[in-house]
Amino acid sequence: MRAWLPDARGHRRLFSALSIDALGTGLFLPFSILYFTATTDLTLGRVGLALSIAALVRIPATPGAGMFCDRFGARSTVVVSNLTQAVGFFNYLLVDSFGHLLIAAVVVQLGNSAFWVAYPALVHDVAEGNRQESWFALITSLRHAGLGVGALGASLAVAVGGTNGYTAIVAINALSFAAAAILTRLDASAGTQATSANATPEHDAPSEHAPTSGWASTLRDRPVLGFVVLNFGLALLSLAFALGVPIFLVDTVRLPPWIPGTVLAVNAVLGAVGATPVGAAITGRSRSSGLMASQAIVGGAFVAVLCCAYVPSAFGVCLALAAVVLVTLGELVQSLIVSPIVNDCATAASRGRYNSLSQMAFSIGDVATPALMTTLLAHGPATTWIPMAALAMVNMLGIALLTSHLPAMRQRINQPGPSEPDR
C-alpha cells in the first residue's frame, strides 16, 4: 500500500492547504442554510432562493474559470478561488438583507467554480501527468477526513455556542480559505526547490502558447463532449443518492430519524479511509473497466435502496447501510478515474477548458437534481429508484461506446501518462 502512494515530498503545504480547505467546508456545509435563518431575519424561503440563484451562476462562470486557468495557470487559479471564497464567507458574517446574501453567495459560488476547474489541472501538474490516480486518492482521503472533522466540529460549536457557534463556524471557514490560499502559493516555492533537487520539472506555469481557436477547438472534440454527457449521468446518480436517499428512508420507509446522519457519517469515514485502498485495488486495470465497475456498484446501491421499502425495518436499516457502502465505493472509483481522463484528453494549453466542461456537468446536475428527485419521490419507491438503477446501466453503455474513441479511457490506472495529444 505504501509503495502505491505518490512521493509527496515538496508538496506538504499543498496537501495542508487542501485539508484545511475541506475542514472549513465541513464546518459550514451542514449548517449552510440554518446559519442565515439563525443569525438574520430572512425567512427560509428567501435564504433558499438566494442560494439557488447563486448556484445558477456557476453554470456560466465555469467556462470563464476554464479560460482563466488556461491563461494564468492552475495554481494561480486555485489561489484566486480560495481568496474569492474567503471574501464571500467574510461577507456572510455581515449579511442583513436578501441582496447582501445574494451578492455574497454569488462570490462564494464564483470561487467554488474556479476551484473545481483548476484543482484537477493542478494535481496533473504536481504529478507531472504520471500516476495521477494515486495523487487523487491521497488528496481525496485528506479532503474526506477534513470534511468529517469539520462537520463534527460544527455540531459541537452549535451545541455549545448557539448563535455564537454559527458565527464562529463561518469565521473559521473564511479563515480556512485564506490560509489555504497562502499555503498553496507557498507550495510553489517548495515545489521549485524539490524540482531542482530531483531534476524533474514541474508544470505549474500558465500556458503561453494557447491555441488561438480557444473554445472552438475544444467544442469540436466530439469524444470529449460525449464524455461530458457521460459525466452528467455520473453526477446525477451521486447527487440523487445524497439528496434523495435520506428523505426517502425517513419519510417513505419510516426508518429511525438517526439514519440520515449515520448514512452521511459512514460515507465520510469510508471516503477518508477507502480512497487509497480502492486505488491500489484497481491499479493496472483499464480506466474504462474501472468506470464500468463503478456504475455496476452504484446501480446495485440503488436496488438496495428500493428494497428498503419492501422489507421489515431491521432489514431496511441493514440495506440502507449496505447501499451507502456500495455507493461510496462506486463514487471513490469514479472520482479517481474521471479527472485523469479529462486531463489526459487535453493539452497544457487547454486543460482548464476541458476541466471546465467536465465540471459543467456537475454544475448542471446541482441545479437539476433537487427538482428531479422531489418529483420522483412523490410518485413512489419504484418510480424513484428503478430509473436511477437504469441510468447506471445507460452509463455503462456510454462508457463502452466511448472507450474506442478516447485513448485516455483505455489507459491503465496509475500508469505513466501518455504524451500530450496534439489538439
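These numbers come from a predicted model, not from an experiment.
With hydrogens and angles ignored, the 3.5 Å screen pairs no side-chain donor or acceptor of Arg13 with any backbone N or O of Thr184. With hydrogens and angles ignored, the 3.5 Å screen pairs no side-chain donor or acceptor of Ser350 with any backbone N or O of Ala346. For Thr384 (side chain) and Leu376 (main-chain N/O), a donor-acceptor pair under 3.5 Å exists by modelled atom type. Side-chain atoms of Tyr35 come within 3.5 Å of backbone atoms of Tyr92 as a donor-acceptor pair (strictly under, hydrogens ignored). Using modelled atom types, one side-chain atom of His379 and one backbone atom of Thr375 make a donor-acceptor pair closer than 3.5 Å. Arg285 places no side-chain N or O within 3.5 Å of a backbone atom of Arg412 that could act as its donor or acceptor partner. For Thr374 (side chain) and Ala371 (main-chain N/O), a donor-acceptor pair under 3.5 Å exists by modelled atom type. For the pair Ser289 (side chain) and Ser286 (backbone), a donor-acceptor distance under 3.5 Å is present. Formation of a donor-acceptor pair under 3.5 Å by the Asn91 side chain with backbone atoms of His100 is not found in this model. Between the side chain of Ser19 and the backbone N or O of Gly146 there is no donor-acceptor pair closer than 3.5 Å.
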- Task: In sequence, state the C-alpha distance, the side-chain angles, and the governing distance for Val367 and Leu56, and then conclude on side chain to side chain contact (heavy atoms under 4.5 Å, CB included).
- Result: CA-CA 7 Å; Val367 174; Leu56 285 171; 3.5 Å; yes
- Message: Leu291 vs Val333, test: side chain to side chain contact (heavy atoms under 4.5 Å, CB included). Steps then yes/no.
- Response: CA-CA 7 Å; Leu291 280 180; Val333 172; 5.8 Å; no
- Apply side chain to side chain contact (heavy atoms under 4.5 Å, CB included) to the pair Leu237 and Phe302, showing each step before the final yes or no. CA-CA 9 Å; Leu237 292 182; Phe302 283 112; 3.8 Å; yes
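Taking a cutoff of 4.0 Å between a charged side-chain nitrogen and a carboxylate oxygen, Arg287 and Asp344 qualify as a salt bridge. Ion pairing between Arg351 and Asp70 fails under the 4.0 Å rule for side-chain N and carboxylate O. The pair Arg75-Asp187 meets the salt-bridge criterion, with a side-chain N (NZ, NE, NH1 or NH2) lying under 4.0 Å from an Asp/Glu carboxylate O.
In Tyr310, the OH atom is crowded: over 12 heavy atoms of neighbouring residues, nucleotides or ligands sit closer than 6.0 Å.
Between Phe36 and Phe28, the angle of the ring planes goes over 60°, which puts this pair in the perpendicular group of the 30/60° scheme.
Asn173 contributes atom CG, which lies 12.0 Å from atom CD1 of Ile20 (distance to the nearest 0.5 angstrom). How far CD of Gln359 is from OG1 of Thr62: 7.0 Å, rounded to the nearest 0.5 Å.
In this model, no donor atom of one side chain and acceptor atom of the other lie less than 3.5 Å apart for Arg131 and Thr283. Thr218 and Arg353 share a donor-acceptor pair across their side chains, judged by distance under 3.5 Å alone. Thr84 and Ser81 share no donor-acceptor pair across their side chains, judged by distance under 3.5 Å alone. If you check the side chains of Tyr354 and Asn343, you find no donor sitting under 3.5 Å from an acceptor.
Between Phe362 and Phe232, the ring centre distance reaches or exceeds 6.0 Å.
Partners of Ile139 under the side-chain contact (heavy atoms from CB on, under 4.5 Å) rule, at least two apart in sequence or in another chain, are Phe15, Leu18, Tyr119, Val123, Arg143.
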